[in-house]
Amino acid sequence: MNNADANQPPPFEGRTRCATEAALPAAAPRGGGGWAPAPLSAWGERLGRGETFALATRANRFPPELHTHDRFGNRIDEVAFDPAWHELMTLAMREGEHCAPWQEPRTGAQVARAAAFLLHAEVENGTQCPLTMTFAAGPVLRRHAGAFPALSETWLPRSRGRDYDPRSLPVAAKTSALFGMGMTERQGGSDVRANLTRAERIADGTYRLTGHKWFFSAPMSDAHLVLAQAAGGLSCFLLPRLLPDGVRNAVRIDRLKDKLGNRSNASAEVVFEGAFAWLLGDEGRGVPVIIEMVQQTRLDCAIGSAGLMRGALAQALHHASYRRAFGRPLAEQPLMQNVLADLVLESEAATALVLRLARAFEADAPEHERAFARLATPAVKYWVCKRAPTLLAEALEVFGGNGYVEESALPRMYREAPLNSIWEGAGNVICLDVLRAARREPAAVEAVMSELAAARGANPRLDGHVAALASALRDPELAERDARRISGSIATALAAALLVQHAPPAIGEAYCASRLDPGYAGAFGALTAGAGEETLLARGRVA
């Protein structure tokens, strides 16, 4: 019996990922990347192949394993990955997801890289962790390139290498280097100033770290940026995995985390036993140094969540187009159309938000764009990452029982969905950062309001929403308890403004009519009559 006779859709694999939704190809040129559609299309074609989906499945079915000792009883602290992991990393590093805007800082480079990262997120997410941390380390390494000779001579150029090199060798012997991050500790979590790890300066100006890290991301990276308490206060350090002479640094991996999702990637608990490290910046300035890395990784959290949403939506639309029930395809049934059209709206908004935000990270971005990013980054990260699990659950439900079995890949994607909301600051932490920026940086508030002013008059609901938001953001008594409400209001306002300006009229109108309605409850499939479901569905269908 073939698939059609069995009322089953054909395989989803084999479709060009860049063609999924019209929003992505249009956004890169709008952000200055007029040169980007061709390489993005090629990258999307490679990601859409059946063998790439098979690699993603295998890398997550056979997660990394910790080998603490060799057969002679020597401590080695090595993490072994399935070959599928290495193949996926090879593809992504060749694409330049970890370095392209630093390597070629031309106009639109950040937007094009964000689009490529988003496409990757539709297929596999664990491999994105070391890529995003290496990418985010780039500005920190460049800013502190003079801290010690090896940083500018060896580490910085290898952080931009596109030949994936997983060998356990000193960095000088490698073609590329990957970076991880180690901030959180057992007793502190997000409160990194409670860190207990100590850093002792020795005569040659280097440091020795003693303590632990509760989440040490991608432990097989060539180096990590870590926080520790020095004599002058909490400071940031570059900690290599191997020393220049090839000896393993004094970092003991106690165990790998058994995580809900992101299972292809390794996260570890580690102990520093007098580990060698270099200081980045000044003692006591660890948070300002590493926050530059955190700002970049927050952007990638939002991009990754938008990619997950796009991937799940594309599969749901594909399934509903072929699956028949009660005499006709699911996609032709009014209530299902309402649900799918609503998912398209949410995904389109997320895609527009993250690609607009990426534009504020361009190397040539003016100061008002950088001010915009300081407020918009946490707001967009909060909102998009919070919406992803809800959308994934709804997309899975389109499949019914078929979506609940592992072969569909929807369960894996669903398990991935909460991670980006937790990583780099969970909801409350992120929203308090929004509040802090609103209170302390008038230029950031004005930059966001200027962005929203470009859409003035396009939709009365949006105009009313923006007026209320402006009043709230400029209120000196803005309360901490309202931080989530304000963060969500910023993100939905920005999304609505982007859609009414750049998407077909039906998209912008439907988004404003639903998301900006005071009675909006957040449940999908409750669009009112006249929402233009056919236009929405056509916008989201897979090529």
Side-chain angles (χ1 to χ4, degrees), residues 98-99 102 129-148 151-152 155-156 159 177-199 201 206-207 209-219 221-241 249 251 267-268 270 272 275-302 361 370 373-374 377-378 381 420 422-426 429-430 432-433 436-437 440:
H98 66 300
C99 69
W102 317 137
C129 180
L131 294 167
T132 191
M133 288 190 295
T134 303
F135 175 71
V140 180
L141 301 181
R142 186 176 65 248
R143 184 178 299 278
H144 300 282
F148 52 93
L151 183 52
S152 59
W155 288 101
L156 185 56
S159 72
L178 290 169
F179 286 79
M181 184 189 294
M183 291 197 294
T184 59
E185 297 184 3
R186 190 166 44 216
Q187 76 289 341
S190 295
D191 184 8
V192 295
R193 294 191 184 277
N195 281 6
L196 300 177
T197 296
R198 308 300 305 179
R201 191 177 189 275
T206 62
Y207 288 74
L209 272 53
T210 303
H212 81 284
K213 292 297 172 187
W214 189 235
F215 277 95
F216 198 63
S217 300
S221 298
D222 297 283
H224 285 74
L225 269 62
V226 302
L227 295 177
Q229 300 285 357
L234 189 65
S235 307
C236 183
F237 299 88
L238 191 153
L239 180 144
R241 186 160 62 90
N249 204 355
V251 179
S267 302
V270 301
F272 302 145
F276 173 95
W278 291 284
L279 177 68
L280 296 177
D282 298 325
E283 284 191 3
R285 297 288 294 166
V287 171
V289 170
I290 208 166
I291 201 68
E292 190 168 15
M293 184 177 185
V294 170
Q295 182 82 333
Q296 297 282 345
T297 52
R298 285 179 172 179
L299 169 64
D300 275 6
C301 284
F361 283 73
R370 299 183 187 281
R374 289 194 289 274
T377 300
K381 191 268 190 190
N420 285 324
I422 296 170
W423 196 38
E424 302 302 13
V429 171
I430 288 289
L432 290 174
D433 281 354
R436 195 174 298 113
R440 297 180 182 177

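Separation of atoms CZ (F237) and OG1 (T197) is listed at 10.0 Å; rounding is to 0.5 Å. For the atom pair T184 OG1 and L227 CG, the distance stands at 9.5 Å (nearest 0.5 Å). Atom NE2 of H98 and atom OG of S159 lie 7.5 Å apart (nearest 0.5 Å). Taking CZ from F215 and CD1 from I422, the interatomic distance works out to 8.5 Å, rounded to the nearest 0.5 Å. Between atom CZ of residue F276 and atom CG of residue L238 there is a gap of 9.5 Å, rounded to the nearest 0.5 Å. For the atom pair L234 CG and R285 CZ, the distance stands at 11.5 Å (nearest 0.5 Å).
No donor-acceptor pair closer than 3.5 Å links the side chain of T297 to the backbone N or O of Q295. With hydrogens and angles ignored, the 3.5 Å screen pairs no side-chain donor or acceptor of S235 with any backbone N or O of G286. E185 places a side-chain N or O within 3.5 Å of a backbone atom of L196 that can act as its donor or acceptor partner. Listed for the K381 side chain is a donor-acceptor partner under 3.5 Å among the backbone atoms of G425. Under the 3.5 Å distance criterion, the side-chain polar atoms of H224 are matched with a main-chain donor or acceptor of S217. Using modelled atom types, one side-chain atom of Q229 and one backbone atom of N195 make a donor-acceptor pair closer than 3.5 Å. K213 places no side-chain N or O within donor-acceptor distance of the main-chain N or O of A268, the cut-off being under 3.5 Å.
Within a 6.0 Å radius of CZ in R370, more than 12 heavy atoms belonging to other residues, nucleotides or ligands are found. For CZ of R193, the number of neighbouring non-hydrogen atoms (other residues, nucleotides, ligands) closer than 6.0 Å is 12 at most.
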Side chain to side chain contact (heavy atoms under 4.5 Å, CB included) evaluation trace for W102 with L141 | CA-CA 11 Å; W102 317 137; L141 301 181; over 6 Å; no
Determine, step by step, whether F148 and T206 satisfy the side chain to side chain contact (heavy atoms under 4.5 Å, CB included) criterion, reporting the C-alpha distance in whole Å, the side-chain angles of both residues, the deciding distance to 0.1 Å, and the verdict.
-> CA-CA 9 Å; F148 52 93; T206 62; over 6 Å; no
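Between W155 and W278, the two ring planes are perpendicular [angle over 60°; tilted spans 30° to 60°].
Shortest non-hydrogen contact noted between V251 and A275 is CG2-CB, 4.0 Å. For the residue pair F135 and C99, the shortest heavy atom distance occurs at CD1-N, 4.2 Å. Scanning both residues, G180 and M133, for their nearest heavy atoms gives CA-CE, 3.6 Å. L151 approaches A145 most closely through the heavy-atom pair CD2-CA, 3.8 Å. Residues L280 and A147 come closest through the heavy atom pair CD2-CB, 4.4 Å. Nearest heavy atoms, P378 versus A373: CD-O, 4.0 Å.
No side-chain heavy atom of R241 sits under 4.5 Å from any side-chain heavy atom of N249. Between V294 and I291 there is a side-chain heavy-atom pair separated by less than 4.5 Å. At least one side-chain heavy atom of I430 sits under 4.5 Å from a side-chain heavy atom of R298. Side-chain contact between L225 and V289 is absent, with no heavy atoms from C-beta onward closer than 4.5 Å. The shortest side-chain heavy-atom distance between E424 and M183 falls under the 4.5 Å cut-off. Side-chain contact between F272 and T210: absent, with no pair of heavy atoms (C-beta onward) separated by less than 4.5 Å. Contact check for V192 versus I290: no side-chain heavy atoms found under the 4.5 Å cut-off.
Salt-bridge check for E292 with R143: passed, with a basic side-chain N closer than 4.0 Å to an acidic carboxylate O.
Shown here are the ring pair (Phe, Tyr, Trp, His ring centres under 6.0 Å) partners of W214, two or more places apart in sequence or in another chain: there are none.
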